[in-house]
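Okay, structure first, notes after.
These numbers come from a predicted model, not from an experiment. Naming: A, B, ... by sequence-line order, numbering from 1 per chain.
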Amino acid sequence: DTGVSQNPRHKITKRGQNVTFRCDPISEHNRLYWYRQTLGQGPEFLTYFQNEAQLEKSRLLSDRFSAERPKGSFSTLEIQRTEQGDSAMYLCASSSPRAGGYTFGSGTRLTVV
Amino acid sequence: AQRVTQPEKLLSVFKGAPVELKCNYSYSGSPELFWYVQYSRQRLQLLLRHISRESIKGFTADLNKGETSFHLKKPFAQEEDSAMYYCALSGGYNKLIFGAGTRLAVHP
């Protein structure tokens with residue numbers, strides 16, 4: 001499968017713990033996006049990377065959230081001191097100027113108990 | 001403010017009936033509009049974009065700048081069209097602003 005890969009698929013964590021998700025984009029895509037989706041809503045933009053540079057962050061991305069994309073390849077999204085409100089599906093997508101649209105991963109479903 | 005509104009959470013039709021999924025947007029500038037679809041247990045995937053003016057799986061969508069709408073239409077619905085449909089607007093750095101989605105249920 002040469003699509004966008006996200007790991008883990010599911011994560012259950014206790015409130016207050018830290019979690020980290022990984023996204024491996026399509027190799028030739030230089031743009032990478034993180035979105036969050038809660039029940040009954042469409043995906044909401046969190047942050048955007050072009051190569052290794054993080055060019056935009058949403059106000060949804062509080063200081064407990066941090067994303068990296070070292071060397072412009074895979075990306076990680078870390079949530080520190082998780083709260084129950086962080087429970088959601090976290091989606092990664094990649095694209096390139098020639099791609100004509102995003103390719104989404106299957107997402108990581110986070111449940112904070 | 002940039003916003004996408006999909007007024008219907010659920011659209012239920014019978015096989016062979018016409019389908020119109022509504023999408024209205026708010027954007028200052030020249031928008032780029034998309035429809036994404038998510039079939040059961042599958043990832044979100046691009047259905048069509050207004051720039052390409054294609055017909056994909058029998059679906060079409062026309063951008064109406066006067067009414068700020070980008071409704072998705074299909075003349076004859078099929079059971080395999082049952083899915084979640086999201087309208088999206090590209091707003092800067094190609095980030096997408098999604099509507100809340102409409103679930104299309106096509107009954108036999």
Side-chain angles (χ1 to χ4, degrees), chain A residues 1-7 9-10 23-26 29-51 53-61 67 69 75 88-109, chain B residues 1-11 21-27 31-54 56-57 59 61 70 72 83-104:
Chain A
D1 185 357
T2 57
V4 177
S5 176
Q6 290 189 247
N7 289 288
R9 294 292 299 273
H10 304 275
C23 171
D24 288 90
I26 292 174
H29 286 180
N30 63 338
R31 297 172 177 171
L32 186 146
Y33 307 79
W34 284 99
Y35 283 79
R36 181 174 70 186
Q37 186 173 22
T38 53
L39 198 62
Q41 299 297 319
E44 296 173 292
F45 171 77
L46 291 179
T47 191
Y48 159 66
F49 288 87
Q50 183 161 302
N51 300 313
Q54 187 174 20
L55 296 185
E56 190 171 357
K57 292 168 59 174
S58 163
R59 288 174 297 172
L60 293 174
L61 217 63
R69 192 184 182 196
S75 176
M89 177 72 86
Y90 289 84
L91 296 169
C92 177
S94 69
S95 76
S96 69
R98 284 183 290 181
Y102 285 24
T103 300
F104 278 89
S106 296
T108 294
R109 182 169 296 283
Chain B
Q2 300 169 355
R3 184 180 297 124
V4 176
T5 303
Q6 293 181 251
E8 302 142 327
K9 285 197 174 296
L10 172 66
L11 184 62
L21 298 167
K22 291 183 168 36
C23 172
N24 288 90
Y25 67 90
S26 173
Y27 184 74
E32 187 169 1
L33 276 297
F34 303 82
W35 277 98
Y36 279 79
V37 60
Q38 188 166 29
Y39 301 101
S40 179
R41 304 184 194 282
Q42 294 187 27
R43 62 187 67 189
L44 202 56
Q45 56 186 283
L46 178 66
L47 180 62
L48 54 80
R49 54 194 305 212
H50 90 272
I51 283 180
S52 59
R53 301 184 65 83
E54 295 172 300
I56 305 293
K57 299 184 179 182
F59 285 98
F70 188 56
L72 183 67
M84 199 72 189
Y85 290 81
Y86 294 96
C87 182
L89 165 68
S90 178
Y93 287 121
N94 295 306
K95 76 179 182 189
L96 292 177
I97 299 163
F98 286 87
T102 298
R103 179 168 298 283
L104 175 64

**Prompt:** What part of A:Glu44 is in contact with chain B, defined as an atom under 4.5 angstrom from a non-hydrogen atom: side chain, backbone, both or neither?
**Reply:**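 For A:Glu44, there is no contact with chain B at all, as no heavy atom is under 4.5 Å.
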**Message:** Measuring from atom CG of B:Leu11 to atom CG of B:Leu104, what distance do you get when rounded to the nearest 0.5 angstrom?
**Reply:** 5.5 Å
**Request:** Kindly say whether A:Tyr102 contributes a backbone atom to a donor-acceptor pair with the side chain of A:Tyr33 at under 3.5 angstrom?
**Result:**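 Looks like no, no N/O pair under 3.5 Å.
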**Message:** Under the rule for side chain to side chain contact (heavy atoms under 4.5 Å, CB included), what residues qualify as partners of A:Pro25, not counting sequence neighbours?
**Reply:** A:Leu32, A:Arg69, A:Ser94
**Set of residues satisfying side chain to side chain contact (heavy atoms under 4.5 Å, CB included) with respect to A:Thr103, sequence neighbours excluded** =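 Listed in chain order: A:Val4, A:Ile26, A:His29.
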**Prompt:** Based on non-hydrogen pairs under 4.5 Å, which of A:Phe45, A:Tyr35, A:Phe104 is most in contact with chain B?
**Reply:** A:Phe104
**Message:** Quick check for you: among B:Val4, B:Ile97, B:Leu44, which has the greatest number of heavy-atom pairs under 4.5 Å with chain A?
**Reply:**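 If we count pairs closer than 4.5 Å to chain A, B:Leu44 comes out on top.
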